[in-house]
Number of protein chains: 2
Amino acid sequence: MLKKERHDFIMRQINLHNRVLTSDLVQLLNVSEDTIRRDLQELVDQGRLFKVHGGALSKSYHSSFDDSTVYARDSKIIIAKKATKLIKDGMVVLTGGGTTILEFVKQLPESLQATFFTISPLVAVELAKYNNVEVILIGGLFSKNSQITYGGHVIMQLSEIKADLCLMGTSAIDAIEGLTDTDWEINQLKKAMLAASKKSAVLCISEKLDIALRLKVCPIEHINYLVTELDKGDQLLKSYSLKELQIL
Amino acid sequence: MLKKERHDFIMRQINLHNRVLTSDLVQLLNVSEDTIRRDLQELVDQGRLFKVHGGALSKSYHSSFDDSTVYARDSKIIIAKKATKLIKDGMVVLTGGGTTILEFVKQLPESLQATFFTISPLVAVELAKYNNVEVILIGGLFSKNSQITYGGHVIMQLSEIKADLCLMGTSAIDAIEGLTDTDWEINQLKKAMLAASKKSAVLCISEKLDIALRLKVCPIEHINYLVTELDKGDQLLKSYSLKELQIL
DNA sequence: TATATTATTGCACAAAACCGCAAAAACACG
DNA sequence: CGTGTTTTTGCGGTTTTGTGCAATAATATA
């Protein structure tokens, strides 16, 4: 393999995953560590990536994308990490959109083998960075506000799916009222998502607990897992743990 | 064997495999290394390929995966600006993916009223910033490499659409061979996109001109507009302007 | 802090590129 | 046809580049 080809390959990996490990490249390209290191050094000299201990990082990832502006990011990372435990190799997972879900995707293990259906383009792009994950983006009208696809076409397609697990964020959850929402379209969509999967998990930060909005999505019993940043035994979660709903 | 024959042979190898090794050519053509090197140098001077240590690479190969270094960004902005002239209020537009198309979206007038179908999540997200634009994302399998949806499901949905204009990038275009590609799935997809719209425009930087790859998408006559960063009267475009293809 | 992983450095060897030159072939033209 | 000119090609020697190895230093991780 020519040097230039290796460089292109490395840059493709970087663009795909935002990062790359030296050891992985050694295996994939079947050359010595030294060669990889020199390649990385040259790419650094060309200003095409960042080199760090153990590999290299995408430049754009660090400069352009500012994750820190995401509201309550720390909490969301905790939630995301907990939620990854629900995912096993070979599963078919359906996900919604939103920053929490996005964070969840970023926390998935590199080696995960699974199939993901999603209504969020951003989630799809993030999922695509995993080599062994198949991503199916459910198409339809694209919502400017929530950055997800919605509408009849989406619901129709959801009706043809049966996933093992559905992961969604929520704007409100209450022990008595269950999952609620304000937007009619989103409401319909969530119902369809729940119907399209055997089990379901709700990811939400604690401040969305004990809130009920106008439109009901489903009763609390229909949810199998509730993932928050709080400790399992926290006071705030007491009213939820009574049900056959597992708290993570 | 005459020099011209060797050159043709080399270019055929390049178009076929995207790469060629000096040592292979020495064997295949049964001439000295120096001769091959000189041949390659001449082809470089003609701008027909890239020379690297150990051999040469196709030009399209380098740009087939647009890296985050916003390769040839200036050119793409020029192209994008030209292409926006094709869009009128009320139109239904179908777009592909890629950085050129993305740049095109960014150059659209703020007030535009239109409907966009797209197979690119990133394009969808960008389009969503326009208040008066309706965005429909066509869903399906999500390609890790090209960041677009593809596969049978996408093609099926495309068959139900009739847009006014289809905008796509390309990896190669040639006056005789027409639009060509290397990937079977992408090839099918592009055919479906062209079939789904009344008119079509190809956006590409000049270095993708006069390149023919293995799989044929469509003859040059099926394209209505060709948008490059070059001036309308440029030499390189001469062979294209003969057809009923409008150069922008 | 101890231990394992990763980086760095200098070195050696092979492959490829480069340079100048001369033989061979192709061409031009009286 | 013959002769001078140009182009093309191959050869030998030198220089540059690419790669891997081994010893040592730096850095992570528990």
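Protein chains get the first letters and strands the later ones, always in sequence-line order, with residue 1 at the start of each. Please read these numbers as outputs of a predicted model, since none were measured by experiment.
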Enquirer: Do A:Ser197 and A:Ser200 have a side chain donor and acceptor closer than 3.5 Å?
Expert: no

Enquirer: Taking CD1 from B:Ile36 and C1' from C:dA15, how many angstroms apart are they, rounded to a whole number?
Expert: 16 Å

Enquirer: Could you give the CZ-to-C1' distance, from A:Arg37 to C:dG10, as a whole number of Å?
Expert: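 Those two atoms, CZ and C1', are 15 Å apart.
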
Enquirer: Please determine if B:Arg12 and B:Asp8 form a salt bridge, counting it only when a charged side-chain N lies under 4.0 Å from a carboxylate O.
Expert: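 So B:Arg12 does not pair with B:Asp8 through a salt bridge.
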
Enquirer: Answer yes or no: does a side-chain N or O of B:Lys51 lie under 4.0 Å from OP1 or OP2 of C:dC18?
Expert: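 Yes, within the criterion.
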
Enquirer: Are a donor atom and an acceptor atom from the side chains of B:Tyr240 and B:Asp174 found within less than 3.5 Å of each other?
Expert: no

Enquirer: Whole-Å distance between C:dA16 C1' and B:Leu25 CG?
Expert: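 Nearest whole value for this atom pair: 14 Å.
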
Enquirer: Which pair of heavy atoms, one from B:Val125 and one from A:Gln147, lies closest together, and at what distance?
Expert: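 Closest pair (atom of B:Val125, atom of A:Gln147, distance): CG1-OE1, 3.3 Å.
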
Enquirer: Do B:Glu229 and B:Ser206 have side-chain N/O donor and acceptor atoms under 3.5 Å apart?
Expert: yes

Enquirer: Strictly under 4.0 angstrom, non-hydrogen atoms only: write out the protein contact profile of nucleotides 10-23 of chain D, one letter per nucleotide from the 5' end, B, S or -.
Expert: BBB----SSBBBB-

Enquirer: Looking for any heavy atom pair under 4.0 Å, which part of the strands does A:Val26 touch: base, sugar-phosphate only, or nothing?
Expert: nothing

Enquirer: Looking at B:Thr149 and B:Ile119, would you say the former's side chain and the latter's main chain have a donor-acceptor pair under 3.5 Å?
Expert: yes

